[in-house]
Chemist: 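Take a look at this one; I'll ask things after.
All ligand and atom numbering here is 1-based and tracks the order in the structure. Atom set for the values below is all heavy atoms of this structure, side chains included, hydrogens, waters and symmetry mates excluded. On a predicted model such as this, the values are computed, not experimentally measured, just so you know.
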Amino acid sequence: MLMVEAEHLFRSFGTTPALRDASVAVPAGEILAVMGPSGSGKSTLLHCLSGIFTPDSGEIRYDGRRLDTLSESARTALRRTAFGFVFQFGQLVPELTVADNIALPLLLNKVPRRAAYATASAWLDRLELGGLGRRRTGELSGGQAQRVAIARALAISPRVLFADEPTGSLDSVTGAAVMGLLVGLAREEGVTVVLVTHDTRVADHADRRVIVRDGQVFAGYDAEATR
Ligand code: ADP
Ligand code: MG
């Protein structure tokens, strides 16, 4: 069964083409690494697959249903309930505490306050961040902040986790630890993962790799194409 599927996506920013006939299919439960040079269209692809952007043309399906033809509000609702997104720099709310940041998407989904904070607390323990719940996220180390961002993305129990260079701002040791955690949790939860990375050690955690080049998606392990 395919969880996420895109066919013949085109997307431009003004006159700059970002996606040019990009197609990709992600089976349920797969961890897919998306690699490729800077500026090749990886982030644009991830934003289209997750419904943040709509493509200029082409089709996107989530769990067999069209995503690109949904209204903005329907896509927002889907993103809140079915998709987790981990951004390169975490994009936590720095003035809020760690627990607030993780509880926020649950509260937006109308989960009662007490239950939302209980879930946040359970994720903090699971990510070995217990005791940091009251800390403001602006005071965390990069590795801690990325773990909080992962907890926040997974707290809603998404069916698909999108991660855009989630370890890009971390040193390699911390990055590898964060990746191991992300992949382990995704496998335990049966989450489908689409992960952008330029780091082959990170991609080694994935089931499969694709390479984005000039707005198109290619299969394979072509080391040359990832430079
Ligand atoms: P990657 O994530 O692989 O580095 P992107 O998807 O961010 O690539 O970008 C693909 C192309 O689209 C690049 O040429 C980039 O400059 C352009 N692009 C991406 N986002 C925007 C934007 N918001 N406005 C204008 N151009 C953009
Ligand atoms: Mg990018």
Side-chain angles (χ1 to χ4, degrees), residues 4-26 30-62 67-68 72 75-76 79 83-92 142-143 145-150 152-153 158 160-172 174-176 178-179 182-183 186 192-227:
V4 179
E5 196 181 5
E7 286 181 326
H8 307 300
L9 297 187
F10 286 79
R11 177 64 150 96
S12 294
F13 295 96
T15 56
T16 307
L19 295 179
R20 292 191 280 188
D21 202 8
S23 299
V24 67
V26 192
E30 182 173 72
I31 298 177
L32 177 69
V34 177
M35 306 192 75
S38 177
S40 60
K42 303 180 299 295
S43 292
T44 307
L45 178 66
L46 213 63
H47 289 137
C48 285
L49 295 179
S50 59
I52 295 174
F53 292 164
T54 47
D56 298 329
S57 64
E59 294 189 5
I60 300 164
R61 277 181 291 279
Y62 158 66
L67 176 70
D68 53 289
E72 173 85 45
R75 279 185 285 120
T76 301
R79 281 208 305 279
F83 297 163
F85 210 111
V86 183
F87 295 92
Q88 181 165 5
F89 301 107
Q91 295 195 359
L92 300 168
Q146 268 314 34
R147 277 187 283 159
V148 173
I150 290 168
R152 182 182 57 177
V160 186
L161 181 71
F162 296 96
D164 193 356
E165 307 204 34
T167 59
S169 61
L170 306 178
D171 66 76
S172 60
T174 311
V178 167
M179 267 313 300
L182 187 152
V183 169
T192 304
V193 179
V194 185
L195 162 76
V196 174
T197 182
H198 56 264
D199 187 338
T200 52
R201 285 163 302 179
V202 169
D204 285 342
H205 290 273
D207 298 315
R208 185 167 64 100
R209 297 180 191 193
V210 291
I211 294 156
V212 179
R213 182 177 264 288
D214 295 332
Q216 278 197 299
V217 185
F218 299 93
Y221 277 78
D222 183 359
E224 191 67 27
T226 65
R227 275 195 208 120

Chemist: Can you tell me how far CD1 of Ile60 sits from CD of Glu5, rounded to the nearest 0.5 angstrom?
Modeler: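 Spacing of CD (Glu5) from CD1 (Ile60) equals 11.0 Å.
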Chemist: Just by distance, do the side chain of Lys42 and the backbone of Gly36 share a donor-acceptor pair under 3.5 Å?
Modeler: yes
Chemist: Is the shortest side-chain N to carboxylate O distance from Arg209 to Asp204 below 4.0 Å?
Modeler: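 Yes, charged N to carboxylate O under 4.0 Å.
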Chemist: Gln146 pairs by side-chain contact (heavy atoms from CB on, under 4.5 Å) with which of Leu182, Leu170, Thr167?
Modeler: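 One option only clears the test, and that one is Leu170.
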Chemist: Between Thr44 and Leu19 (side chain of the first, backbone of the second, donor and acceptor by atom type, cut-off under 3.5 Å), is there such a pair?
Modeler: no
Chemist: Return yes if some donor-acceptor pair links the side-chain N/O of Thr54 with the main-chain N/O of Asp68 below 3.5 Å, else return no.
Modeler: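 No, because the side chain of Thr54 does not come within donor-acceptor range (under 3.5 Å) of the backbone of Asp68.
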Chemist: Go through ligand 1 atom by atom and flag the ones less than 4.0 Å from a non-hydrogen atom of Ser38.
Modeler: 4 (O)
Chemist: Does Asp207 reach the main-chain N or O of Ile31 with its side chain, forming a donor-acceptor pair under 3.5 Å?
Modeler: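 Flag set: sc Asp207 to bb Ile31 pair under 3.5 Å.
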Chemist: For the Mg ion (ligand 2), does an N/O/S atom of Ser43 lie at less than 2.8 Å?
Modeler: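 Short answer: yes, at least one N, O or S atom is under the cut-off.
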Chemist: What are the atoms of ligand 1, with element, lying closer than 4.0 Å to any heavy atom of Ser43?
Modeler: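 Close to Ser43: 1 (P), 2 (O), 6 (O), 7 (O).
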Chemist: Quick test: of every protein heavy atom, which one is nearest to atom 3 (O) of ligand 1, and how far off is it to 0.1 Å?
Modeler: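 Its nearest protein heavy-atom neighbour is Lys42 NZ, 2.8 Å.
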Chemist: Can you confirm whether something in the protein, heavy atoms only, sits under 4.0 Å from atom 11 (C) of ligand 1?
Modeler: yes
Chemist: Side chain or backbone, does Ala18 bring an N or O within less than 3.5 Å of an N or O on ligand 1?
Modeler: no
Chemist: Which residue and non-hydrogen atom of the protein lie closest to atom 5 (P) of ligand 1, and at what distance in Å?
Modeler: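 Minimum-distance protein heavy atom for atom 5 (P) of ligand 1 reads Thr44 OG1, 3.7 Å.
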Chemist: Looking at atom 8 (O) of ligand 1, what's its closest protein heavy atom, distance included?
Modeler: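 For atom 8 (O) of ligand 1, the nearest protein heavy atom comes out as Gly41 N, 3.2 Å.
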Chemist: So, does Pro37 sit close enough to ligand 1 that a heavy atom of it is under 4.0 Å from the ligand?
Modeler: yes
Chemist: If you measure every N/O of Thr16 against every N/O of ligand 1, is any gap under 3.5 Å?
Modeler: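 No, no N or O pair falls under 3.5 Å.
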Chemist: Below 30° counts as parallel, above 60° as perpendicular, anything between as tilted: where do the rings of Phe85 and His47 land?
Modeler: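 If you compare the ring of Phe85 with that of His47, the planes turn out parallel.
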Chemist: I need the nearest protein heavy-atom contact for atom 13 (C) of ligand 1: residue, atom name and distance, please.
Modeler: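 Checked against all protein heavy atoms, atom 13 (C) of ligand 1 sits closest to Gly39 O, 3.7 Å.
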Chemist: Using distance alone, decide if ligand 1 has a nitrogen or oxygen within less than 3.5 Å of any nitrogen or oxygen in Phe13.
Modeler: no
